[in-house]
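The basis for the numbers below is simple: all heavy atoms, side chains too, and nothing from hydrogens, waters or symmetry mates.
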Amino acid sequence: MDRYVDKQEHFEDFNNPCFVVCPKCSECAKVSIIPGEEKGWFAPRQLVCLKCTYRDTWADSSISRLWRREGKDDHFNLPLWIQASCGKNMLFAYNKEHLKFLESYVSANLRQRSRDKEYGWSNRSSASRLPEWVKSRKNRDRVLKTIKKLWLIAGNT
Ligand SMILES: [Zn+2]
């Protein structure tokens with residue numbers, strides 16, 4: 001029997017906070033769950049620019065996921081701050097935690113199919129949402145190189 005359960009909780013952690021391009025000044029803005037609100041994908045968010053005075057809030061009931069959005073965030077639909085081209089694709093991350101996940105996933109590609117005794121399939125939940133070109137072993141070196149670039153971009157977030 002397959003005990004695989006798609007819990008999603010890891011992925012939710014990844015998008016809070018998330019860093020986007022400020023629509024007013026094009027600098028880095030932070031999107032995070034409004035303090036005091038319950039966590040979760042649909043939790044109300046606030047956008048606060050780290051450079052100018054721009055602020056916004058989000059409270060809605062429909063969102064779509066990262067890789068379907070071409071590098072935009074899930075709530076405000078703004079370009080993610082941490083992104084870079086990787087061949088003919090774009091690679092992006094919500095924040096450093098997400099980047100760390102990407103990096104360990106891609107560099108540990110071989111472990112992908114073995115079930116971790118302690119964590120079960122929990123990591124697969126987030127991994128299953130990655131596009132094929134990220135998971136493909138033949139792109140591994142290129143993706144890791146791009147991840148290095150992303151770390152520089154993520155630098156002061
Ligand atoms: Zn701004």
Side-chain angles (χ1 to χ4, degrees), residues 6-35 37 39-109 112 121-157:
D6 193 348
K7 281 186 176 168
Q8 303 189 5
E9 57 205 17
H10 294 273
F11 211 71
E12 278 179 7
D13 290 343
F14 286 144
N15 80 359
N16 180 52
C18 134
F19 297 90
V20 298
V21 176
C22 173
K24 198 176 164 198
C25 73
S26 300
E27 291 292 334
C28 184
K30 183 178 179 179
V31 173
S32 55
I33 291 173
I34 294 170
E37 296 284 351
K39 289 195 173 187
W41 208 285
F42 294 99
R45 314 275 156 153
Q46 60 184 5
L47 183 155
V48 177
C49 180
L50 306 176
K51 276 271 149 63
C52 75
T53 55
Y54 188 81
R55 273 156 196 266
D56 199 0
T57 52
W58 179 94
D60 206 342
S61 54
S62 88
I63 47 174
S64 65
R65 296 215 158 100
L66 178 64
W67 295 96
R68 296 204 194 112
R69 280 193 179 255
E70 308 283 318
K72 306 262 179 72
D73 81 287
D74 301 314
H75 301 89
F76 293 94
N77 203 28
L78 293 167
L80 291 174
W81 183 253
I82 305 170
Q83 60 173 307
S85 62
C86 179
K88 55 180 165 39
N89 300 295
M90 288 300 281
L91 190 65
F92 26 73
Y94 291 118
N95 54 38
K96 286 178 180 169
E97 280 300 301
H98 190 203
L99 195 50
K100 206 190 285 173
F101 161 76
L102 277 177
E103 188 170 49
S104 60
Y105 179 85
V106 174
S107 46
N109 225 348
Q112 186 181 349
W121 292 113
S122 58
N123 250 352
R124 258 186 67 175
S125 172
S126 311
S128 67
R129 299 205 184 88
L130 292 173
E132 285 308 315
W133 66 268
V134 173
K135 295 198 258 191
S136 161
R137 264 211 246 158
K138 71 174 169 36
N139 290 330
R140 202 176 107 153
D141 290 346
R142 182 185 286 169
V143 171
L144 285 175
K145 220 187 243 179
T146 308
I147 286 173
K148 276 199 184 125
K149 257 191 247 171
L150 292 180
W151 276 117
L152 293 176
I153 297 169
N156 48 7
T157 57

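No more than 12 heavy atoms of other residues, nucleotides or ligands sit less than 6.0 Å from atom NZ of K30.
Listed here is the closest heavy atom pair of T157 and C28: CG2-SG, 3.9 Å. Considering every non-hydrogen atom in both P17 and N95, the closest pair reads O-ND2, 2.6 Å. Summarising the geometry of L80 relative to F92, their closest heavy-atom pair is CD1-CB, 3.9 Å, with the distance given to 0.1 Å. Heavy atoms only, all atoms of each residue included: P35 and Q46 are closest at CD-NE2, 3.8 Å. The nearest pair of heavy atoms linking T57 to I34 is CG2-CD1, 4.5 Å. Here the shortest heavy-atom pairing between A43 and W58 reads O-CZ3, 3.7 Å.
Rounding to the nearest 0.5 angstrom, the gap separating the CG atom in L144 from the CG atom in L102 is 10.0 Å. Atom SG of C86 is separated from atom CZ of R142 by 6.0 Å, given to the nearest 0.5 angstrom. Taking CD of E27 as the reference point, atom SG of C52 lies at 9.0 Å (rounded to 0.5 Å). Within the model, atoms CG of D74 and CZ of R45 stand 7.5 Å from one another, a figure rounded to the nearest 0.5 Å. A distance of 6.0 Å separates CD1 in I147 from CG in L99, rounded to the nearest 0.5 Å. Residue K72 holds its NZ atom at 9.0 Å from CD of Q83, rounded to the nearest 0.5 Å.
Among residues two or more places apart in sequence or in another chain, the side chain to side chain contact (heavy atoms under 4.5 Å, CB included) test is passed with I153 by W81, A84, L150.
The closest donor-acceptor contact from the side chain of K96 to the backbone of G155 lies under 3.5 Å.
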(request) Could you go through the side chain to side chain contact (heavy atoms under 4.5 Å, CB included) check for F76 and V20 one step at a time? (result) CA-CA 9 Å; F76 293 94; V20 298; 6.0 Å; no
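A 4.5 Å side-chain heavy-atom check between V106 and V134 finds at least one atom pair inside the cut-off. Annotation: side chain of L47 is not in contact with side chain of D73 (no heavy-atom distance under 4.5 Å). Looking only at side-chain heavy atoms (C-beta outward), Y54 and P23 come within less than 4.5 Å of each other.
Here side chain to side chain donor-acceptor pair (under 3.5 Å) pairs that include residues 145-155, with residues two or more places apart or in two chains, are E103-W151.
Between F101 and Y105, the ring planes are tilted. Angles from 30° to 60° get that label.
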